[in-house]
Peer 1: 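Take this structure first; my questions come after.
Here the structure is a predicted model, which means the values were calculated and not measured. Side chains are part of it too, since the values below use all heavy atoms of this structure and drop only hydrogens, waters and symmetry mates.
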Amino acid sequence: LRESSALATPVSLINYQYYNSLDELKQLIQDEADHIQCIVAKTGLIENSLDFGESQNPSLSDYADGVDVVKFLTGLHE
């Protein structure tokens, strides 16, 4: 474990960060939105978050980075 605000880590390392309020955390998430693929949190705590245990259980309508790759590729001919 390492206290760091860095989002990316080497294998076998987990970064953690302290925050003073839920609003501060929400702002941090908003500021880093382009670099965050998913958020796992207690149900209802953070908007658009996934429940614990669900981050590796996508549904058919869940797309990596929110991009429907098949729709994108089929739209290239237009």
Peer 1: With sequence neighbours excluded, what pairs up with Gln17 under the side chain to side chain donor-acceptor pair (under 3.5 Å) test?
Peer 2: none
Peer 1: Going by side chain to side chain donor-acceptor pair (under 3.5 Å), name the residues that satisfy it together with Asn57, two or more places apart in sequence or in a different chain.
Peer 2: Glu54
Peer 1: Is there a path of hydrophobic side-chain contacts, each under 4.5 Å between heavy atoms of I/L/V/M/F/W/Y residues, joining Leu22 to Ile39?
Peer 2: yes
Peer 1: Give every donor-acceptor pair under 3.5 Å between a side-chain atom in residues 6-16 and any protein atom, sequence neighbours left out.
Peer 2:
residue	atom	partner	partner atom	Å
Thr9	OG1	Leu13	O	3.0
Asn15	OD1	Arg2	NE	3.0
Asn15	OD1	Arg2	NH2	3.2
Asn15	ND2	Ala6	O	2.9

Peer 1: Among all residues two or more places apart in sequence or in another chain, which pass the side chain to side chain donor-acceptor pair (under 3.5 Å) test with Thr43?
Peer 2: Asp51
Peer 1: Is Leu45 reachable from Leu50 through a run of hydrophobic residues whose side-chain heavy atoms are each under 4.5 Å from the next?
Peer 2: no
Peer 1: Other than Phe52, which residues form its hydrophobic cluster under the rule that side-chain heavy atoms must be closer than 4.5 Å?
Peer 2: Val40
Peer 1: Enter the distance from Glu24:CD to Tyr18:OH here, rounded to the nearest 0.5 Å.
Peer 2: 13.5 Å
Peer 1: Answer whether the closest heavy-atom distance between the side chains of Leu73 and Val70 falls below 4.5 Å.
Peer 2: no
Peer 1: Within the structure provided, determine whether Phe72 and Asp68 are in side-chain contact (heavy-atom separation under 4.5 Å).
Peer 2: no
Peer 1: Please, which pairs that meet side-chain hydrogen bond (donor to acceptor under 3.5 Å, both in side chains) have at least one residue in residues 31-40, sequence neighbours excluded?
Peer 2: Gln27-Asp31, Glu32-His35
Peer 1: Rounded at 0.5 Å granularity, tell me how far CD1 in Ile29 sits from CD in Glu47.
Peer 2: 10.5 Å
